[in-house]
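The first residue of the sequence shown is numbered 1, and numbering continues consecutively from there. The structure displayed is predicted, hence computed values, not measured ones. Values below: all heavy atoms of this structure, side chains included; hydrogens, waters and symmetry mates excluded.
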Amino acid sequence: MAFDIDMIKKVYANVAERVDAARELTGKPLTLAEKILYSHLWDGTSNKVFVRGKDYVDFAPDRIALQDATAQMALLQFMQAGKNKVAVPTTTHCDHLIQAKNGASTDLQSALNTSNEVFNFLESVSNKYGLGFWKPGAGIIHQVVLENYAFPGGMMIGTDSHTVNAGGLGMVAIGVGGADAVDVMAGMAWELKFPKLIGVKLTGKLSGWTAPKDVILKVAGILTAKGGTGAIVEYFGEGATGMSCTGKGTICNMGAEIGATTSTFGYDESMERYLRATDRSDVADAANKVKDYLTGDAEVYANPEQYFDQVIEINLSELSPLLNGPFTPDLSTKVGSDMTAIANKNDWPLKVEWGLIGSCTNSSYEDLSRAASIAQQAIDKGLKMKSELGINPGSEKVRYTADRDGIIWIFEKLDAKIFTNACGPCIGQWARYDDPKNAPKNSIIHSFNRNFAKRADGNPNTHAFVASPEMVAAVAIAGRLDFNPMTDSLINENGEEVMLDEPTGWELPPKGFEVKDDGYLAPEIDGSHVQITVDSSSERLQLLEPFTPLGTNLTGVKLLIKAHGKCTTDHISMAGPWLRYRGHLDNISNNCLIGAVNAYGMKTNFVKNQLTGEFGGVPDTARAYKAAGIRTIVIGDHNYGEGSSREHAAMEPRHLGVAAVLVKSFARIHETNLKKQGMLGLTFANEADYDLIQEDDTFNFLDLNEFTPDKPLTIEVVHADGSKDIIVTNHTYNHSQIEWYNEGSALNLIKKENA
């Protein structure tokens, strides 16, 4: 039986009435995304047609998922909210704090030794406030959610940008900051700007070496890393229904890399098969009763241009395997000769040192079985691995079943490292080098979702390329980035020329899933007696102090850094070794913006202190300004804050005295996170004004006392020579968000209202 089946049945009991009302209100057929959005309104039904990309709307999500790195700060905030129990079903998953190094059992024990304080804290808080808890080693949050909690037509939020993975089971699942999750856990509405809609029509059928991963690699190449911003991507067509549920999850998962709010597919037979295979026939039976409400209306899919803001069509029968990268997930190259030419032109190393399969993107039974079919051929045909190989199973259920069926053994025969059922290298938790900053230039290939510089191993010289699991296996066997298994042969140990056959695999395990201990701990019904202790001398955990309001008299604000080019949340708050401080705001603030490139000098973590004229690290300089009672501002480029949805990228600057972030454009989640922490997230009305900002500038906010929705804010920029520029800035704050600013943070407002 499924978790929270009564909640799911309640959603289905209301869906017909609410969708029918929305269809009558809008006077048109509805997409799946619209059906889910309109059926999850906080007020139940609406008497207003919401304008896409403009109207802020209050929603009532069905459930919440937290991963251990972000759960720490989210739960530290929830502890201040004045509630005894979470208002909606919520789970905590321990998957980020396990470093990949020697192999599963050793690495897991090492994580337990080094992070037990954090795991115990998360377990006790979960137990006290009614959250389900998934122990370290249980699996990667998004695979565990797909196996246990996702359901067609539902709405979920999670404190990880790849929460969107659950779209593979027909959800609207959205990555948010911890403060957003706290709102919903505290029984409040969750606010979102009503998304635009991008339709992706999939025709034809996948075959041969082409996999679901290639679909999203293609879409990323079309839309770029910010082309999906503010939109839900909805996939449909014969190509969509002909794909497995976990394949759909892969596509939705990596939709985070195009900036999409989320991605989703309509309910179909592959989802029903997956639900039944994962012991959720009760969900499948309930979904079947309302299945017409769990997919887009037929007229929408027949005439998509009339109902979506943008439509993309991809013929899967003509789609070729792709490699995306390096350093950005939207740079697509066809395998083979195209890669040879482009790699040589750009001086990308063609020798591949590692192939990595797994992460939340591609760690299902189907993914492992297809990759194993290629690995088995290497054994059968006498091929020697030219690259090292690493495997991260998605969950203990997947790992145990794959081990039972001999899949893990195949990888082990090739001396692959079987890492823990955890994120590992995908999020920088990979102890590949003793000194990653001075590691050599090299190429790796993986089935993960992100490939920013230093993302996997901390080495800025690692060129990471994203591909399907089967292509990763093939390239790792060949050891060359430009290997094309469809046309290229390999020389085996006997000197014979052999070719790899097309991959094969199983959508679902033929003998069903099996697991001895899935790693789940249910909370006590009444956790009021559970005690939570945080040692004041702890390096890992720190109770929060409320932020004080910034006020309307922001003058004398100093420039902290003018970030040049791409500035992701990895640049603002790195992962890797810094994950150990995710529950300690002051300690983790020592990584604040250390990865951002300063436009003056083009160095990282090297900025000018206007008080002394000396240069130093960003956190140290910010602390000096803060000690002097001076607020600071950060200037940024386009799509500022793209990437992981980490709360810390907003909380750290706030903690260190940053009052405003002024950029050309924001990634959605980060902009919301800044608002939640009571800061000013602003954009240049004239992007060219970015060039007016000088290293010694001081900023005076002229009209903050008139801070209202849709009204631009004006800033006087005073240069070192006394000259001035007036800059007009735009914002997207509504009345509620301005109240967050006035109270000092959204959490302050929640606490005030609960009091």
Side-chain angles (χ1 to χ4, degrees), residues 19 22-23 26-38 49-55 152-153 164 167-168 170-174 192-206 210 212-243 247-268 270 292-320 322 324 329-330 332 639 668:
V19 170
R23 195 184 285 116
T26 59
K28 67 178 185 64
L30 298 177
T31 66
L32 169 63
E34 288 173 312
K35 290 181 180 181
I36 297 176
L37 293 171
Y38 275 102
V49 177
F50 297 113
V51 179
R52 300 175 192 171
K54 182 178 180 182
D55 288 339
V164 295
M171 293 195 89
V172 161
I174 300 175
L192 177 73
K193 185 184 289 186
F194 204 82
K196 293 185 177 181
L197 301 175
I198 297 174
V200 180
K201 182 178 182 179
L202 301 179
T203 62
K205 186 176 182 179
L206 291 172
T210 310
K213 185 61 162 270
D214 296 304
V215 176
I216 185 57
L217 296 180
K218 178 71 172 180
V219 171
I222 294 170
L223 287 176
T224 76
K226 61 181 181 179
T229 302
I232 292 179
V233 181
E234 184 171 325
Y235 293 85
F236 61 94
E238 60 178 348
T241 55
M243 201 179 293
K248 293 177 173 73
T250 290
I251 292 170
C252 293
N253 182 301
M254 203 173 156
E257 271 48 75
I258 58 172
T261 301
T262 192
S263 305
T264 194
F265 286 77
Y267 179 59
D268 60 18
S270 71
D292 289 344
Y293 293 92
L294 305 180
T295 189
D297 287 336
E299 188 176 335
V300 169
Y301 294 158
N303 302 285
E305 290 81 5
Q306 297 179 26
Y307 303 102
F308 291 97
D309 298 292
Q310 181 179 355
V311 177
I312 297 168
E313 185 168 338
I314 298 173
N315 186 339
L316 301 184
S317 302
E318 299 174 356
L319 185 63
S320 299
L322 298 168
N324 281 29
D330 57 358
S332 295
N639 209 28
R668 175 189 60 84

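Thr262 meets the side chain to side chain contact (heavy atoms under 4.5 Å, CB included) test with Val164, Val172, Ile174, Ile232; sequence neighbours excluded. Every residue meeting the salt bridge (charged side-chain N to carboxylate O under 4.0 Å, His left out) condition with Asp268, not counting sequence neighbours, appears here in chain and number order: Lys248. For Phe236, the ring pair (Phe, Tyr, Trp, His ring centres under 6.0 Å) test picks out Tyr301, Phe308, with sequence neighbours left out. Lys35 is linked by a salt bridge (charged side-chain N to carboxylate O under 4.0 Å, His left out) to Asp297, counting only residues two or more places apart in sequence or in another chain. With sequence neighbours left out, the salt bridge (charged side-chain N to carboxylate O under 4.0 Å, His left out) criterion links Lys54 to no other residue. Annotation: side-chain hydrogen bond (donor to acceptor under 3.5 Å, both in side chains) contacts of Lys28 (sequence neighbours excluded): Glu34. Residues satisfying the side chain to side chain contact (heavy atoms under 4.5 Å, CB included) criterion with Asn303, sequence neighbours excluded, are Glu299, Gln306, Tyr307. The side-chain hydrogen bond (donor to acceptor under 3.5 Å, both in side chains) check on Thr264 picks up nothing, with sequence neighbours excluded. Partners of Ser317 according to the side chain to side chain contact (heavy atoms under 4.5 Å, CB included) rule, which considers only residues two or more places apart in sequence or in another chain, are Asn315.
Closest heavy-atom contact between Cys252 and Ser263: SG-O, 3.5 Å. Here the shortest heavy-atom pairing between Leu30 and Arg23 reads CD1-N, 3.8 Å. Residues Thr295 and Tyr267 share a closest heavy-atom pair of CB-N, 4.1 Å. For the pair Pro212 and Gly247, the tightest heavy-atom approach, listed with the atom from each and the gap, is CB-O, 3.5 Å.
Taken from CD in Gln310 to CD in Glu305, the straight-line distance is 11.5 Å, to the nearest 0.5 Å. Taken from CD1 in Ile312 to OH in Tyr235, the straight-line distance is 7.5 Å, to the nearest 0.5 Å. Taking CD1 of Ile314 as the start and CG of Asp214 as the end, the distance is 10.5 Å to the nearest 0.5 Å. Taking OG1 from Thr229 and CG from Asn639, the interatomic distance works out to 5.0 Å, rounded to the nearest 0.5 Å. The CD1 atom of Ile36 lies 8.0 Å from the CD atom of Glu234; values are rounded to the nearest 0.5 Å.
Leu217 pairs in a side-chain contact (heavy atoms from CB on, under 4.5 Å) with only one of the listed residues (Asn324, Leu319, Asp330), which is Asn324.
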Name each donor-acceptor pair under 3.5 Å that joins a side chain in residues 192-200 to protein atoms two or more places apart or in another chain, with its distance.
none

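Applying the salt bridge (charged side-chain N to carboxylate O under 4.0 Å, His left out) test to pairs two or more places apart or on separate chains, those with a residue in residues 309-319 are Arg52-Asp309. Within the structure, salt bridge (charged side-chain N to carboxylate O under 4.0 Å, His left out) contacts touching residues 249-264 (residues at least two apart or in different chains) are Glu257-Arg450.
Side-chain atoms of Asp55 never come within 3.5 Å of backbone atoms of Phe50 as a donor-acceptor pair (strictly under, hydrogens ignored). In this structure a side-chain-to-backbone donor-acceptor pair under 3.5 Å is present from Thr26 to Ala22. Side chain of Ser332 to main chain of Lys218: no donor-acceptor pair is present (N/O by atom type, distance under 3.5 Å, no hydrogens or angles).
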